[in-house]
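Report on the following structure.
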Amino acid sequence: MAPRVKLPPLNSLRVFHAVVRHRSLREAADELLVSPQAIGQQVRLLEEALGVVLMERDGRSIRFTEKAITLSHYIQAGFEEFEEGIRRVTAPRERARINLNVSPYFGTRYLMPRLAEFRIAVPEAEIGLTTMIDLVDLERDQIDLAVQWGYGDRKDALSHLLLRDPKVICCRADMAEKIASPSDVLRFNLLQPARSKRLWPDILAFLGVDIPELDRSLTFDDAATMRRAAHQGLGIGLISRLDAEEDIAAGKLVAPLGIDALAGIPLETVPGFYVITTKARLRARHVAALHRWLLEQDWQA
């Protein structure tokens with residue numbers, strides 16, 4: 001059994017946690033209602049207790065060392081555990097509530113058809129279901145679980161892939177007539193997703209097209225809006241596979257390079273829907289049960 005480690009004063013850890021979150025001594029001081037000098041003193045005390053350098057001055061700004069960054073992840077997890085424990089012992093005894101946020105597209109396309117099964121997964125819990133397009137801040141928004149579109153690269157939470165969201169290059173038929181090769185798509189406006197600057201560049205690179213500086217003066221927050229823009233001929237859209245198949249069958253859109261033009265693109269460049277949470281939240285039995293249900297579903301079906 002490993003020997004117990006002597007912990008530094010809790011107050012110095014709390015101060016360091018605030019400094020890392022704000023990346024500023026002054027803003028940390030404002031939060032904790034003390035002076036910047038007192039903040040700096042607490043960080044020095046922590047450095048002395050640990051025997052390591054955590055913070056270096058860089059002009060008027062501060063720079064965190066590699067050890068500081070490593071330590072900050074564990075301190076963040078520790079304070080989340082404190083908050084979760086306090087919330088559980090102080091919350092009034094009432095029906096358990098789970099705050100679940102999902103992207104509007106995932107909710108409409110995938111979750112709503114399974115709503116009956118979804119409720120059975122945690123029948124004794126009350127579920128508050130919300131939809132937000134913007135990245136969820138689990139702490140600020142008091143969200144237990146979130147299903148969000150992206151690449152699963154969040155560093156502040158646990159992230160597990162539920163479903164990939166492969167795209168199809170689509171446009172109106174009159175535009176498709178002028179596209180004979182992948183490079184021809186650059187003759188038109190490429191409809192840009194607001195949530196990702198890498199989606200089009202990754203796709204163009206896969207197709208062997210030299211990547212220009214893409215115009216992001218007009219971006220779209222959600223898949224439904226980009227789909228409508230493609231219908232109206234505002235440009236070439238990246239449409240989710242299910243939507244593309246529907247629109248091509250209905251004659252609303254065409255896949256000028258073929259519906260399978262992006263088959264074989266590296267998986268790490270394909271966005272998807274990820275369930276986001278924290279270790280602290282998964283200690284709640286009902287949250288863990290719903291998280292497990294989300295992971296067990298075959299969302300492709």
Side-chain angles (χ1 to χ4, degrees), residues 99-112 129-171 185-186 188-207 209 211-247 253 255 261-262 265-278 291 294-295 299-300:
N99 292 323
L100 171 68
N101 175 266
V102 299
S103 77
Y105 186 83
F106 183 86
T108 301
R109 263 292 186 188
Y110 298 103
L111 187 58
M112 294 305 290
L129 179 61
T130 58
T131 57
M132 280 192 289
I133 296 171
D134 291 339
L135 285 176
V136 168
D137 184 319
L138 298 173
E139 298 302 324
R140 181 195 64 208
D141 302 322
Q142 291 296 294
I143 300 296
D144 296 305
L145 297 167
V147 178
Q148 297 195 311
W149 183 89
Y151 296 88
D153 51 3
R154 294 221 9 195
K155 304 299 184 186
D156 61 334
L158 300 176
S159 180
H160 294 91
L161 177 66
L162 298 182
L163 174 74
R164 294 201 184 275
D165 182 29
K167 299 297 185 180
V168 178
I169 298 172
C170 289
C171 61
V185 300
L186 299 180
F188 301 94
N189 182 35
L190 303 183
L191 303 180
Q192 298 287 319
R195 292 278 305 284
S196 175
K197 293 182 179 180
R198 61 175 285 190
L199 188 55
W200 265 116
D202 284 346
I203 286 172
L204 292 174
F206 172 72
L207 294 174
V209 178
I211 303 172
E213 186 68 30
L214 297 179
D215 179 11
R216 289 185 62 83
S217 58
L218 176 63
T219 62
F220 298 88
D221 271 338
D222 64 286
T225 307
M226 179 182 284
R227 187 183 183 187
R228 286 195 294 271
H231 290 171
Q232 294 168 14
L234 297 181
I236 299 178
L238 295 173
I239 310 301
S240 295
R241 179 85 185 203
L242 290 178
D243 292 343
E245 290 173 349
E246 287 182 1
D247 288 344
L253 292 175
L262 301 180
I265 192 170
L267 286 179
E268 64 270 17
T269 65
V270 180
F273 295 99
Y274 290 79
V275 59
I276 310 296
T277 189
T278 64
H291 183 259
L294 289 167
L295 292 176
W299 296 105
Q300 298 277 11

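Heavy-atom basis, side chains included; hydrogens, waters and symmetry copies ignored.
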The criterion is side-chain contact (heavy atoms from CB on, under 4.5 Å); which residues satisfy it with Ile211, sequence neighbours excluded? Pro201, Leu204, Ala205
Ring pair (Phe, Tyr, Trp, His ring centres under 6.0 Å) partners of Tyr110, counting only residues at least two apart: Phe106
In this structure, CG of Leu191 is separated from CG of Leu238 (nearest 0.5 Å) by 8.0 Å
Check whether any side-chain heavy atom of Leu129 sits under 4.5 Å from a side-chain heavy atom of Leu111, and report yes or no. yes
Quick one: list whatever passes side chain to side chain donor-acceptor pair (under 3.5 Å) with Thr130, sequence neighbours left out. Asn101
For Val270 and Tyr151 the tightest heavy-atom approach is C-CE2, 4.1 Å
Set of residues satisfying side chain to side chain donor-acceptor pair (under 3.5 Å) with respect to Arg109, sequence neighbours excluded: Asp243, Glu246
Check: Arg198 and Thr269 side chains under 4.5 Å, non-hydrogen atoms: yes
If you take all heavy atoms of Ile276 and Ala157, which pair is closest and at what distance? CG2-CB, 3.4 Å
Applying side-chain hydrogen bond (donor to acceptor under 3.5 Å, both in side chains), which residue pairs with at least one partner in residues 153-166 are found, sequence neighbours left out? Gln148-Arg154, Trp149-Asp165, Arg154-Asp156, Asp165-Lys167, Asp165-Ser240
Closest heavy-atom contact between Gln192 and Asp215? CG-O, 3.4 Å
Report the residues that fulfil side-chain contact (heavy atoms from CB on, under 4.5 Å) with Ala194, sequence neighbours left out, ordered by chain and then residue number. Thr219, Asp221
Please test Ile169 against Ile236 for side chain to side chain contact (heavy atoms under 4.5 Å, CB included), starting from the C-alpha separation and ending with a verdict. CA-CA 7 Å; Ile169 298 172; Ile236 299 178; 3.5 Å; yes
Separation of Cys170 SG from Met226 CE (nearest 0.5 Å): 11.0 Å
Separation between CG of Leu253 and CD of Glu245, rounded to the nearest 0.5 Å: 13.0 Å
First locate atom NZ of Lys197, then atom CG of Leu199, and finally report the distance between them rounded to the nearest 0.5 Å. 14.0 Å
Ala261: side-chain contact (heavy atoms from CB on, under 4.5 Å) partners, not counting sequence neighbours: Leu257
Who pairs with Phe206 by side-chain contact (heavy atoms from CB on, under 4.5 Å), at least two apart in sequence or on another chain? Leu262, Ile265, Pro266
To the nearest 0.5 Å, what is the distance between OG on Ser196 and CG on Asp202? 7.0 Å
State which residues pass salt bridge (charged side-chain N to carboxylate O under 4.0 Å, His left out) with Arg228; sequence neighbours excluded, sorted by chain then number. none
Nearest 0.5 Å, what's the CH2-CG distance between Trp200 and Leu214? 8.5 Å
If you define the side chain from C-beta out and look only at heavy atoms, does anything of Asp222 sit under 4.5 Å from Pro104? no
Shortest non-hydrogen contact between Gly150 and Tyr274, atoms and distance: O-CE1, 3.4 Å
Where do Ala244 and Ile239 come nearest, in terms of heavy atoms and distance? N-CG2, 3.6 Å
By the side-chain hydrogen bond (donor to acceptor under 3.5 Å, both in side chains) test, which pairs, at least two apart or in different chains, include something from residues 136-147? Glu139-Arg281
Using salt bridge (charged side-chain N to carboxylate O under 4.0 Å, His left out) as the criterion, list what pairs up with Asp247, not counting sequence neighbours. Arg227
If only atom types and distance count, is the side chain of Trp299 paired as donor or acceptor with the main-chain N or O of Leu294 below 3.5 Å? yes
In sequence, state the C-alpha distance, the side-chain angles, and the governing distance for Phe188 and Cys171, and then conclude on side chain to side chain contact (heavy atoms under 4.5 Å, CB included). CA-CA 10 Å; Phe188 301 94; Cys171 61; over 6 Å; no
Residue pair Ile143 / Leu145, side-chain heavy-atom distance below 4.5 Å: no
